[in-house]
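All of these numbers come straight from a predicted model, not from anything done at the bench. Here is the naming used below: chain letters follow the sequence lines, and residue numbers restart at 1 for every chain.
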Amino acid sequence: MTKLFLVSAPVVAEKAEPGQFVMLRLRAQGERIPLTIADFDREAGTVTILVQEIGLTSRLLGALEEGDEILDLVGPLGLPAELPTAGHVVCVGGGFGVAPILPKAKLLHRRGVAVTSIIGARTADLVIFDRELEAVSNRLLVATNDGSRGRRGIVTDCLRDLLEAGEQIDEVVAIGPMVMMRAVAEATRPYGIKTLVSMNPIMVDGTGMCGACRMTVGGEVKFACVDGPIFDGHQVDFEEAIRRSQAYRAEEELATKHEEAKQCR
Amino acid sequence: MPVKRERTPMPVQDGERRVGNFGEVALGYLDGDVRAEAVRCLQCKTPYCEEGCPVGVPIKEFIKHLQQDDVRGAIGAIKRTNSLPAVCGRVCPQEDQCEKVCIMGKRFQPVAIGRLERFAADWERAQGFPQAAAPPPNGKKVAVVGGGPAGLTAAGQLAGKGYAVTVFEALHEPGGVLSYGIPEFRLPKTIVRWEIQQLKNLGVEIRTNVVVGKSPTLDELKAGYDAVFLGTGAGLPVFMGIPGENLIGVYSANEFLTRINLMGAASFPEVDTPVRIGTRVAVVGAGNTAMDAVRTARRVGAKEAHIVYRRSEAEMTARAEEYEHAKEEGVRFMFLTNPVRFLGDDTGRLRAVECQRMALGEPDHSGRRRPVPIAGSEFELPVDSVIMALGTSPNPLLLKGTKGLSATVRGGIRTDETGATSLPGIWAGGDAVSGAATVILAMGAGKKAAAAIDRLLSGEES
Ligand SMILES: Cc1cc2nc3c(=O)[nH]c(=O)nc-3n(C[C@H](O)[C@H](O)[C@H](O)COP(=O)(O)OP(=O)(O)OC[C@H]3O[C@@H](n4cnc5c(N)ncnc54)[C@H](O)[C@@H]3O)c2cc1C
Ligand code: FES
């Protein structure tokens, strides 16, 4: 399940820009995990984070109720997205990437950029943020795996339709699972359309101190937490990044099982 | 009484047993050991040892107190110039400092000054004396960025003079390298926490989870305080830039040690942060960080643990004691050996490191003989993981984000000898300025800058 949280964090909200993230920790024995800042409100001093309950910490976060506290939260981290000020931009959001694509679409829209947003879900009922995105996009395209809404297929299919139809696109921004971002980058590569992707590797500190988040971009090693998390999708070594992101797959499962066993006791 | 030539040994946990736990290795002197060692001090007219100490601890005086069984007097003397003696007694490279110039050491073994310092500090902590309470406030505010030894020392010095001090720390726990880098078996975290509690008792406020330069910016921070001290350390890990470095299983020492020390990964899955290094580990480098990494690896399951170092034993920078302890713990040393590339399997996991043998050539700019590769000497060392401990450089985050803050050629923050940066009202010190150095030098820099800040704000200087 995917859940949205509105977090009161004035220090973070004050400086947050689209593209940045926070690190959080939920309990004394907890791990530090990065989460994209999906939205922010400087006046109210809040940031919106979105969590897909997959790993242990994301499940623990998902179990929080209104009024609960997050033990540690630090941000905004990473560099803000450098978005264009004119032309036509296609914003692609897949999975948990649908929420963080919204502030970028918003900003582009405010700048007078023509925005096409593409989002996807398994089925029509699971489509989120469509109304919010529609409000800041010139056009919203939806893809569902079962074809119950919009195009049958995945977000890259929608994008490919546009590319094949020869539409004038100046830039593409893609946020979501790494495999989806890779597919988007591969789709635009032959057309030479600049494609920004928001990388989500394993992180430990999120401040450039450990190198856990390193990846190869344009043949150089970059730390996603300080040099990114947004990179040129045509330069990213996705194969390496995807492998590295799965380095602790077995431990993640073990941790989740261990927690479940503890709660049953 | 004849002079005892040899220094009094410190009881240690047995080498075989200790790799099975994270308990402290060096157990500290007992009362009898202290007396035996203290009387070895000749109370020289000119105590060279004190010149060898970067913060000028009154060594002669504190040992005199110990000779008279007056531990309270000893710790009082130490604390006049060193606010973290329990830490320094454990981690200072004494053999390069005070003990190096000890007169006893000219003919026999030097007095074990570090061990005596540690004893006095541990005694004080065990007594649980009511600590110094906060002095009356002087109405001025100072912000300290970074909760490592440099920042904590500056904070303590200024708080002691009545300044309202707030420490901003990026991580969820203060302490800097003392918390995330140096392992429990060498510096128990209870000591670090105790020292931090002393600062809080002095009125220092510690705000964790704040990355200065991101939010707030340094300019914004400065606007709310009379002065700012930057003790942001040298946290950026250095990699070699050789093929295969991004394979799964290649760690920076910072990542490996942070997972274990700060996040507690040795207790996974009781804690949520995992670490996986397998049973065959190679650590590249031969400084303190490398020794900490390799000894930690032994404690989390490495049956075979190698140090791979391109120079020879003589050029190692680790404290002598750490080298000895590592050997006792079964660590194997491969000197004059340099990794040239990492080899992975088809899932992207490390399986071996290809190394090359080296020979020592002409001296380089550091005065040490330059290692040169021996052609055709390549060989494969099968490993499950490699930990890169090649050093760290200052984190560029603050310098990048702050206009007008000048840098040194090596990426540190540029300061004058008082610690003043190119921006008015902003001081800096420790690894952030010098690049990776030592705890005591960071403390010394924090102290010096605190004194300069006080001179300026108290109106002694204008
Ligand atoms: C594994 C290891 C072992 C070592 N062993 C020894 C030893 O035995 N003896 C010895 O003398 N020295 C040793 N050293 C070196 C010693 O630890 C350092 O020289 C010393 O800690 C430097 O102190 P510092 O206060 O300058 O920086 P640090 O200890 O690095 O502290 C800096 C702090 O600032 C924080 N920070 C950074 N940027 C920001 C920001 N923008 N906003 C807020 N906070 C920020 C960091 O999170 C960190 O907590 C070792 C180092 C390592 C890594
Ligand atoms: S997460 Fe540690 S350096 Fe990026």
I'd like to verify something: which residue of [options] has the highest number of heavy-atom pairs under 4.5 Å with chain B?
options                                  : value
Gly55(A), Ala255(A), Ala212(A)           : Ala212(A)
Glu14(A), Glu220(A), Glu259(A), Arg25(A) : Arg25(A)
Glu251(A), Met23(A), Met215(A)           : Glu251(A)
Gly30(A), Gly75(A), Ala250(A), Gly206(A) : Gly30(A)
Thr57(A), Val221(A), Val74(A), Ile33(A)  : Val74(A)

**Prompt:** Do you know which of Val144(B), Leu221(B), Leu398(B) makes side-chain contact (heavy atoms from CB on, under 4.5 Å) with Leu230(B)?
**Reply:**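 The residue from Val144(B), Leu221(B), Leu398(B) that satisfies side-chain contact (heavy atoms from CB on, under 4.5 Å) with Leu230(B) turns out to be Leu398(B).
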Side chain, backbone, both or neither: which part of [X] has a non-hydrogen atom closer than 4.5 Å to chain B?
X         : result
Thr216(A) : both
Glu240(A) : side chain
Ile202(A) : side chain
Arg27(A)  : side chain

Under a 4.5 Å cutoff for heavy-atom pairs, which residue among [options] has the most contacts with chain A?
options                         : value
Leu397(B), Thr347(B), Asn395(B) : Thr347(B)
Gly264(B), Pro237(B), Gly235(B) : Pro237(B)
Leu247(B), Val271(B), Thr208(B) : Val271(B)

Heavy-atom side-chain contact between [X] and [Y] under 4.5 Å:
X         : Y         : value
Leu24(A)  : Arg32(A)  : no
Thr48(A)  : Leu4(A)   : yes
Leu257(B) : Thr296(B) : yes
Val284(B) : Leu390(B) : yes

Side chain of [X], backbone of [Y]: donor and acceptor closer than 3.5 Å?
X         : Y         : value
Asn209(B) : Asp72(A)  : no
Arg244(A) : Cys213(A) : no
Lys189(B) : Leu178(B) : yes

**Message:** Quick check on Glu220(B) against chain A: is it the side chain, the backbone, both or neither that has a heavy atom closer than 4.5 Å?
**Reply:**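 Only the side chain of Glu220(B) comes within 4.5 Å of chain A.
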**Side chain / backbone / both / neither for Phe239(B) at chain A, heavy atoms under 4.5 Å** = side chain
**Asked** Which pair of heavy atoms, one from Pro103(A) and one from Pro18(A), lies closest together, and at what distance?
**Response**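 Nearest pair, atom of Pro103(A) first, then Pro18(A): O-CG, 4.1 Å.
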